[in-house]
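Notes to accompany the following structure.
Starting from 1, each residue takes its place in the sequence as its number. Treat the numbers as computed from the prediction; the structure is a model and nothing was measured.
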Amino acid sequence: EYAPYGTLKQNLVKMAGLIPESSAVWIMTNIMAGLSFLHQRKIVHRDLKSANIFIGENHVPKVGDFGVATRLNSAQPMAMSCVGTPLYLSPELCNGEPYNTKTDMWAAGVLMYEVCAKGRLPFAAGNQGAVINKILVGQYAPLSDSYSADVHGLVGECLSRDPRRRPTAE
């Protein structure tokens, strides 16, 4: 499917100010609908990031680039291989632990933070080791007070170091 408006990353770079909360929520609702579709089918995207969100007709964001996605099944309900973009990796991926769809929910939290912070990422650092350390510690600068407690809370839940505490895409 053609994405006439490029990627979410390209669009975030062009933004002059903070995205209004209603727009940020609309963007993330569409992304979560895509993740829900995948997760219901036991598919883990494994590389959810703003460069893999494509802006389609009517400016609808769509999850794309399934090059490293994997399917879980009853025989293997958790995946092991470490793939993805370092800035969006979940703590379980950083630790080489088994993971499931909750790793995508971590990345969704990073993505929502990015949308609400004009393209800034919560765990950015000068090198990959420092990024992984920041992810494992789990501390990040709070979002602007212009966003509601609900948005702050959802980002915090998605960025829970314990995958069991993260919400589902539904």
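Side chain of Lys118 to main chain of Met15: no donor-acceptor pair is present (N/O by atom type, distance under 3.5 Å, no hydrogens or angles). The backbone N or O of Met32 lies less than 3.5 Å from no partner atom in the side chain of Ser36, so there is not a single donor-acceptor pair. Of the possible donor and acceptor atoms, none in the side chain of Asp47 sits under 3.5 Å from a partner among the backbone N and O of Asp65.
Rounded to the nearest 0.5 angstrom, Tyr113 OH and Leu159 CG are separated by 9.5 Å. Arg120 contributes atom CZ, which lies 12.5 Å from atom CG of Leu12 (distance to the nearest 0.5 angstrom). With values rounded to the nearest 0.5 angstrom, Asp150 atom CG is found 9.5 Å from Glu157 atom CD. One distance of note links NE2 of His59 with OG of Ser23; it measures 11.5 Å at 0.5 Å rounding. Remark: Leu18 CG to Cys116 SG distance equals 8.5 Å, nearest 0.5 Å. Atom-to-atom distance recorded for Thr103:OG1 and Leu89:CG is 7.5 Å, nearest 0.5 angstrom.
Both Tyr5 and Ile31 are members of a single hydrophobic cluster when ILVMFWY side chains are connected at heavy-atom separations under 4.5 Å. Neither Phe54 nor Val63 shares a network with the other; the hydrophobic side chains, linked directly or stepwise wherever heavy atoms of I, L, V, M, F, W or Y lie under 4.5 Å apart, form separate groups for each.
The minimum heavy-atom distance linking Val60 with Asn30 is given by the pair CG1-OD1, 3.6 Å. In terms of heavy-atom proximity, Ile135 sits nearest to Cys94 at CG2-SG, 3.9 Å. Nearest heavy-atom pair across His45 and Gly64 is NE2-O, 2.8 Å. Here the closest non-hydrogen pair linking Leu143 and Ala117 is CD2-CB, 4.1 Å. Among all heavy-atom pairs drawn from Met105 and Cys158, the shortest one is O-CB, 3.4 Å. Considering every non-hydrogen atom in both Pro61 and Ile27, the closest pair reads CG-O, 3.8 Å.
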Show, in sequence, the C-alpha distance, side-chain angles and deciding distance for Ser50 and Leu111, and conclude whether the side chain to side chain contact (heavy atoms under 4.5 Å, CB included) test is met. CA-CA 6 Å; Ser50 57; Leu111 187 56; 3.8 Å; yes

Side chain to side chain contact (heavy atoms under 4.5 Å, CB included), that's the test. Do Ile55 and Thr7 meet it? Break it down for me. CA-CA 6 Å; Ile55 310 301; Thr7 67; 5.9 Å; no

Hey, mind stepping through Glu114 and Tyr88 against side chain to side chain contact (heavy atoms under 4.5 Å, CB included) and telling me if it holds? CA-CA 10 Å; Glu114 183 179 8; Tyr88 297 82; 2.5 Å; yes

Worked check of side chain to side chain contact (heavy atoms under 4.5 Å, CB included) between Arg46 and Leu93: CA-CA 10 Å; Arg46 301 199 299 185; Leu93 277 168; over 6 Å; no

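Proximity of Met112 to Leu154: side-chain heavy atoms (C-beta onward) are separated by under 4.5 Å at one or more points. At least one side-chain heavy atom of Pro4 sits less than 4.5 Å from a side-chain heavy atom of Glu57. Under the 4.5 Å side-chain criterion, counting only non-hydrogen atoms from C-beta, Val115 is in contact with Ile19. Between Leu136 and Ile132 the shortest side-chain heavy-atom distance falls below 4.5 Å. Two residues are said to be in side-chain contact when any heavy atoms from C-beta on lie closer than 4.5 Å; Tyr147 and Val155 fail this criterion.
Between Trp106 and Tyr99, the ring centre distance reaches or exceeds 6.0 Å.
When the shell of 6.0 Å around CG of Asp145 is examined, it contains 12 or fewer heavy atoms from other residues, nucleotides or ligands. Enclosure of atom CD in Glu170 by more than 12 non-hydrogen atoms of other residues, nucleotides or ligands within 6.0 angstrom is indicated. Within 6.0 Å of CD on Gln128 lie no more than 12 heavy atoms contributed by other residues, nucleotides or ligands.
No option in Arg161, Lys102, Arg166 other than Arg166 meets the salt bridge (charged side-chain N to carboxylate O under 4.0 Å, His left out) test with Glu92.
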